[in-house]
Number of protein chains: 2
Amino acid sequence: MSEERKLTEAIVSELSRSLIEIAWHFGPKGLRGECCDDLTMPEFIALEKVSMTPDCPVQVVGHPLGFTKSGATRIVNRLARKGLIDKVKSPQDARICCVVITEKGERILRSANSRYMQKFKELLAKVPPETVPEVMKTVTVMARSLKR
Amino acid sequence: MSEERKLTEAIVSELSRSLIEIAWHFGPKGLRGECCDDLTMPEFIALEKVSMTPDCPVQVVGHPLGFTKSGATRIVNRLARKGLIDKVKSPQDARICCVVITEKGERILRSANSRYMQKFKELLAKVPPETVPEVMKTVTVMARSLKR
DNA sequence: AAAAATAAGTTGATCATGTCAACTAAATGG
DNA sequence: CCATTTAGTTGACATGATCAACTTATTTTT
């Protein structure tokens, strides 16, 4: 392996390690108790999916999370119990359960989102401001590529 | 709120949202079954901590994870059962249990790391290559700032 | 030096959260 | 109209973390 190649490996290694650290801190334990109603990370992702998908079927809620339909049912029920979403039988197809976000859900989602943003801003404050747009572009592209 | 301010908010919001998505895919469900011996993400982080800390006390393993000492004991025991670490009573202080990584642990850690790198490289392949160093610097700084 | 406080680690009980497989009920299509 | 597929649910189970109570070892106080 060439010297240059080794250097690249080292860079990618550190980069991926750093990202994992960020992932963990933003992750399952990241928002604990810091947000109203104690929304966990998967709950946040699920709620966001519901808010962005009109008449969202239960299974679809599980997609961005990589859950089985069983897991999807459970997280949907949890959010429903908390009053953040409603389950409505579809008029077109009675098998399908349209999940819709409630007023309270919208409020909580906004609140949780701003919490995450706060956390993220604290991070951004430590990097040179002129690089922020570049970083944003990159992160966005990476995130988008995950969706396929 | 000024127009400019609103724009910044929108950018930060999207950025943090994207990062959460990346976090999730790199996260608890990200490496499932893809790595030898099925190392979970917390196990990976714990093992890495052990490998970087000479004679690592049990509780310290839990620090980067945000675990209680109880949780630390359990994850340490799990890694020990898998033969990835050894627990040695400290000669200085018999209360302390020095955790050290084994040969096998080193091997698995390298292997898991390269899996994560692979995943990360796939992501990086989608961004303009000339921005990679910039992104690396930024992500590293952000990760470092989390440690305090 | 003995007693009290502190600290590291463990463990039983419990909780939260996800999977799997079997199920119900509704739609679809030969 | 019956067979198949599909959406969703549920019971049994596995995993993984917490909490509080505990043991053992060290340090501090008196």
Side-chain angles (χ1 to χ4, degrees), chain A residues 24-25 27-33 35 37-47 49-50 53-82 84-100, chain B residues 24-25 27-35 37-47 49-50 53 55-82 84-100:
Chain A
W24 188 256
H25 280 261
K29 315 261 306 183
L31 213 59
R32 285 229 319 168
C35 176
D37 283 329
D38 222 4
L39 212 57
T40 65
M41 188 185 199
E43 283 169 359
F44 174 78
I45 295 175
L47 192 53
K49 180 70 178 177
V50 170
T53 313
D55 291 334
C56 188
V58 170
Q59 314 204 34
V60 174
V61 178
H63 289 167
L65 290 163
F67 282 8
T68 62
K69 61 180 182 168
S70 165
T73 295
R74 303 218 130 106
I75 200 164
V76 163
N77 287 343
R78 233 154 51 223
L79 290 173
R81 217 176 307 126
K82 291 184 181 180
L84 307 183
I85 59 172
D86 281 330
K87 294 166 82 173
V88 191
K89 272 228 175 299
S90 163
Q92 280 84 35
D93 185 335
R95 290 171 303 179
I96 297 178
C97 202
C98 300
V99 182
V100 291
Chain B
W24 186 257
H25 280 261
K29 314 258 312 182
L31 211 59
R32 284 229 321 171
E34 289 177 33
C35 177
D37 282 332
D38 223 3
L39 213 56
T40 65
M41 189 185 197
E43 282 169 1
F44 174 78
I45 295 175
L47 192 54
K49 180 68 177 178
V50 170
T53 313
D55 291 334
C56 188
V58 170
Q59 313 206 34
V60 173
V61 178
H63 287 167
L65 291 162
F67 282 7
T68 62
K69 59 181 184 168
S70 166
T73 294
R74 302 217 131 107
I75 201 165
V76 163
N77 287 344
R78 232 151 55 220
L79 291 173
R81 218 177 306 125
K82 292 185 182 180
L84 307 183
I85 58 172
D86 281 330
K87 294 166 81 173
V88 191
K89 269 227 175 303
S90 163
Q92 282 83 37
D93 185 335
R95 289 171 304 179
I96 297 178
C97 204
C98 300
V99 182
V100 291

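Residue numbering restarts at 1 for every chain, and letters A, B, ... go by the order of the sequence lines.
One can place CZ of B/F67 at 12 Å from C1' of D/dT15, the figure rounded to the nearest angstrom. Nucleotide D/dA7 holds its C1' atom 11 Å from the NE2 atom of A/H63, rounded to whole Å. Across the protein-nucleic acid pair, B/I85 atom CD1 and C/dG9 atom C1' stand 14 Å apart, rounded to whole Å. The distance between atom CD1 of B/I96 and atom P of C/dT6, rounded to the nearest whole Å, is 18 Å.
For A/T68, taking side-chain heavy atoms from C-beta onward, the closest of the listed nucleotides C/dT10, C/dT19, D/dG16 is C/dT19.
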Which protein N or O atoms sit under 3.5 Å from an N or O of nucleotides 11-16 of chain C?
{"residue": "C/dT11", "atom": "O4", "partner": "B/S70", "partner atom": "OG", "Å": "3.0"}
{"residue": "C/dG12", "atom": "N7", "partner": "B/R74", "partner atom": "NH2", "Å": "3.2"}
{"residue": "C/dG12", "atom": "O6", "partner": "B/R74", "partner atom": "NH1", "Å": "2.8"}

Tabulate protein N/O versus nucleotide N/O from nucleotides 25-28 of chain C, keeping only pairs under 3.5 Å, one per line.
{"residue": "C/dA27", "atom": "OP1", "partner": "A/A94", "partner atom": "N", "Å": "2.8"}

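B/V100 is listed as a side-chain neighbour of B/D55, based on a closest heavy-atom distance under 4.5 Å.
Taking only side-chain nitrogens and oxygens, B/Q59 never comes nearer than 4.0 Å to OP1 or OP2 of C/dA7.
Considering only residues two or more places apart in sequence or on other chains, A/D93 meets the salt bridge (Lys or Arg N to Asp or Glu O under 4.0 Å) condition with A/R95. Residues passing the side chain to side chain donor-acceptor pair (under 3.5 Å) test with A/K87, sequence neighbours excluded: A/N77. Every residue two or more places apart in sequence or in another chain was checked for a side chain to side chain donor-acceptor pair (under 3.5 Å) with A/D86, and none qualifies.
With the nearest nucleotide of DNA chain C identified for both B/P57 and A/I75, B/P57 has the one nearer the 5' end.
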### Message
Between A/M41 and A/I45, does the side-chain contact (heavy atoms from CB on, under 4.5 Å) criterion hold? Intermediate values first, please.
### Response
CA-CA 6 Å; A/M41 188 185 199; A/I45 295 175; 4.3 Å; yes
### Message
Before you tell me yes or no, could you show the steps for A/L79 and A/E43 under side-chain contact (heavy atoms from CB on, under 4.5 Å), namely the whole-Å CA-CA distance, both residues' side-chain angles and the distance that decides it to 0.1 Å?
### Response
CA-CA 7 Å; A/L79 290 173; A/E43 283 169 359; 4.0 Å; yes
### Message
As a quick check of understanding, evaluate side-chain contact (heavy atoms from CB on, under 4.5 Å) for A/L39 and A/L84, giving each step before the final call.
### Response
CA-CA 10 Å; A/L39 212 57; A/L84 307 183; 3.7 Å; yes
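The line from OG1 of A/T40 to CZ of A/R78 is 6.0 Å long, rounded to the nearest 0.5 Å.
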